[in-house]
Visitor: 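Please find one structure pasted underneath; my questions will follow.
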Amino acid sequence: MNLSNNVYPDSKGHFGIYGGRYVAETLMPALLELESAYQRCAPTSEFQDEFRHLLTHYAGRPTPVFHAQRLSAHLNGAQIYLKREDLTHTGAHKINNTVGQTLLAKWMGKKKVIAETGAGQHGVATATTAALFGMECKIFMGIEDISRQAPNVKRMGLLGAEVVPVSSGTGTLKDAMNEALRYWVSAVRDTFYVIGSVAGPHPYPMMVRDFQKVIGEEAKTQIHRETGKLPDLLVACVGGGSNAMGLFYPFLNDPVEILGVEAAGCGISTGKHAATLCAGSIGVLHGSKSYVLQDENGQIHEAHSISAGLDYPGVGPEHSLLKDLKRVQYTAIDDRQALEAFSTLCRLEGIIPALESSHAVAAAMIEAKKRPQADIILVNLSGRGDKDLGIVSSQGL
Amino acid sequence: MNRIQTKFESLKRNNEKALVGFVTAGDPNVDVSLQIIYAMCENGIDILELGVPFSDPTADGPVIQRSSARALKNKVSLKTVIEMIPKIRKKTDIPVVIFSYFNPILSYGIDRFHLDAVSAGADGALVVDLPPEESDELTFDWPRADFHLIRLLAPTTPKDRMSQIASSASGFLYLVSKTGVTGSDGLDTSEINTQMDVLRSVTALPVCVGFGISTADHVADVASMADGVVIGSAFERLIEENIDQSDLPKMVGKRTAEYKAATKK
């Protein structure tokens, strides 16, 4: 089955039964305009040249692939390689997408951008590229996340963005996205909404994937150059799922196993988790159909994870399709396992990973122990952990 | 059989415009909510929009968000809302439109929703986040005559899209008067006038206008241009401000009568 090369989504933005555009009519013309601008601009060599130039000279690409030898030896199993997205400008893969979307906003003549953020990495990345292009920037962030990711709030302020606190719901990513959508309905005529994940209405899941697939494209070449073969297994964490789609997409047609890692929070059986694909059901949230965490009446559940970036009760529609097709396996790692992996990577490799990425590291550690030493596991280390120091300190690390 | 069409025909004969009233079903609780609805009916509401509470109402402002949250606290679901309709039907024969986000309907079951809503006595549904691009999924099995999907048009909708939407619409059309969420302040009548002119040139369906309408003067202004006037947040604000008052239904009834008077010219 051909899953790469833009087979999905179809012309209406559907990934099989998932995706689509479930939004108020006020936003529909803006989504249609965005889709046509993207189709018109993105394929041109002028746009691609400017995008690639910025990724290289501003975002710091390509990011290296690093053989985590001490970690691999410690596990006494497969070899773990890390795709170092934590080394990009702003410290996470989010910058790839915001460079792309803000550039598109510039091509469309928009001077104002808005974004939602959970961990603050997408907010920082949007504030960064907005500053670069001289655009006005508002970031919607839940009050719970504002308190647990304080360094990123400060960074956004320094970059000239206004951080709008969102107190509805649990004050996390879902609520921030609700509020960003509400604001966008009122400001849609002159404002570009930079969505941070492969979620939201069409064309966002496709567009964000396309801007993030540079991760997988680079990694494929790099790992082949270093080891002479493709990896046996890819591992990435999945909240909305953008770093995972970015790594997975260029490998979908290759003979490579793929594992997406959700946040099990306090444990799936406790109900306090964010494992949408592992424990959710089909629904519509934030403009697209996908797996969601919901009750029997279609009310969306609040998610829980120690990692603000994974603390989301929805997931990108393409992941739902890949799950149903069994092309990608999805598993979940709880708060405690993620903290252990965080600590292990710090001590053994001198790398402080984001708590989001620590979920991927934890799952890779489990897999490595089950596999022969000749196997190669490629982990997307999607971000660095500086923003999480407050949380890990409060957990006794 | 078709209550919506019958209603607009009779209003026209009497030289009146429709007063469309929205309330979140089950706020502050099912019993009081029913008393409020009865009072609205007794005081001249022409069409009832019965709001299904949703956890993530992205098209709604703070007033309806809070009313939705209060109803959810009382475990009000789409099932509860559908079960309220036969009770309302005993008191009135005005059209009842179920106003919902798509996820509660999807979760209820699309086939079952249509069957149960029709047999409860509802006349249509308005699904805020279901544009025509996605709505076949809901309506593919609906016989047009007895249950309508009320289509929305926005200030951002261009003329060719208005015409496309109108061509697949039935019942009436809902024109959103301004960009923004429900309960936003300010009414731009000249903007509505322009939108109405365009809309009249592409459809013969009745058009009701909503968003930003809160006073009887607003109602009179909009009634001079459109076939109906939708009031939502203004009712919800009144309910919220007087939530513990025993004569709350009477107060809503009185306000309904003031609005209704402004639709008669």
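Residue numbering restarts at 1 for every chain, and letters A, B, ... go by the order of the sequence lines.
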Visitor: Hey, is A:Glu25 close enough to B:Arg161 for a salt bridge, meaning N to O under 4.0 Å?
Guide: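 Yes, A:Glu25 and B:Arg161 are salt-bridged.
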Visitor: Less than 4.5 Å apart, side chain to side chain, heavy atoms only: is that true for A:Met28 and B:Thr157?
Guide: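 They are not in contact (no side-chain heavy atoms under 4.5 Å apart), so the answer is no.
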Visitor: Counting only heavy atoms closer than 4.5 Å, note whether B:Phe54 contacts chain A via side chain, backbone, both or neither.
Guide: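 B:Phe54 touches chain A through backbone and side-chain heavy atoms alike.
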Visitor: In terms of heavy-atom pairs under 4.5 Å, which option from A:Tyr183, A:Tyr22, A:Trp184 contacts chain B the most?
Guide: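 Top option by heavy-atom pairs under 4.5 Å: A:Tyr22.
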Visitor: Considering only heavy atoms from C-beta outward, does the side chain of A:Gln299 approach that of B:Lys75 to under 4.5 Å?
Guide: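 Not touching, per the 4.5 Å side-chain cut-off.
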Visitor: Under the 3.5 angstrom rule, does the side chain of B:Ser55 hit a backbone N or O of A:Ile300 as a donor-acceptor pair?
Guide: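 Checked: pair present.
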Visitor: What's the separation between atom CD in B:Glu133 and atom CG in A:Leu31, rounded to the nearest 0.5 Å?
Guide: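 Going from the CD atom of B:Glu133 to the CG atom of A:Leu31 covers 9.5 Å.
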Visitor: CD of A:Glu179 to CD of B:Gln65: how many Å apart, nearest 0.5 Å?
Guide: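 Those atoms lie 6.0 Å apart.
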Visitor: Give me the one residue out of B:Thr58, B:Asp129, B:Asn103, B:Asp56 that meets side-chain contact (heavy atoms from CB on, under 4.5 Å) with A:Leu285.
Guide: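 In the set B:Thr58, B:Asp129, B:Asn103, B:Asp56, the residue that makes a side-chain contact (heavy atoms from CB on, under 4.5 Å) with A:Leu285 is B:Asp56.
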Visitor: Using non-hydrogen atoms only, which part of A:His286 is less than 4.5 Å away from chain B: side chain, backbone, both, or neither?
Guide: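 Just its side chain gets close to chain B.
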Visitor: Which one wins on heavy-atom pair count under 4.5 Å against chain B: A:Ser186, A:Gly283, A:Gly287?
Guide: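 Maximum pair count with chain B is reached by A:Ser186.
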Visitor: Tell me the closest heavy-atom pair linking B:Pro158 and A:Pro29, and the distance in Å.
Guide: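 So the two residues come closest at CD-CG, 4.1 Å.
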Visitor: Find out whether B:Pro155 and A:Arg189 are in side-chain contact, i.e. whether some heavy atom of one side chain is under 4.5 Å from a heavy atom of the other.
Guide: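 A side-chain contact under 4.5 Å exists here.
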Visitor: Taking side chain as everything from C-beta outward and backbone as N, CA, C, O, which of these in A:Gln294 sits under 4.5 Å from a heavy atom of chain B? Side chain, backbone, both or neither.
Guide: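 Contact with chain B is through the side chain of A:Gln294 alone.
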Visitor: Can you check whether B:Leu106 reaches A:Lys289 side chain to side chain, under 4.5 Å on heavy atoms?
Guide: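 Heavy-atom side-chain distance check passes, below 4.5 Å.
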Visitor: Listed by chain and number, what are the salt bridge (Lys or Arg N to Asp or Glu O under 4.0 Å) partners of A:Lys112, not counting sequence neighbours?
Guide: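 Residues passing salt bridge (Lys or Arg N to Asp or Glu O under 4.0 Å) with A:Lys112: A:Asp190.
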Visitor: Of the listed residues (B:Pro131, B:Ala69, B:Ser77, B:Pro53), which shares the most heavy-atom pairs with chain A below a 4.5 Å separation?
Guide: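 Of the candidates given, the most pairs with chain A belong to B:Pro131.
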Visitor: Do A:Glu33 and B:Thr156 touch side chain to side chain, with heavy atoms closer than 4.5 Å?
Guide: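 Not in contact.
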Visitor: We want to know whether A:His14 and B:Glu134 form a side-chain donor-acceptor pair, criterion being a heavy-atom distance below 3.5 angstrom.
Guide: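 Yes - a donor-acceptor pair under 3.5 Å links their side chains.
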Visitor: Could you have a look at B:Val176, B:Val127, B:Asp60, B:Leu153 and say which one has the most heavy-atom pairs with chain A under 4.5 angstrom?
Guide: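 Ranked by contacts with chain A, first place is B:Asp60.
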Visitor: With sequence neighbours excluded, give me every side-chain hydrogen bond (donor to acceptor under 3.5 Å, both in side chains) pair touching residues 193-208 of chain A.
Guide: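 Those involving residues 193-208 of chain A are A:Glu35-A:His202, A:Glu116-A:Tyr193.
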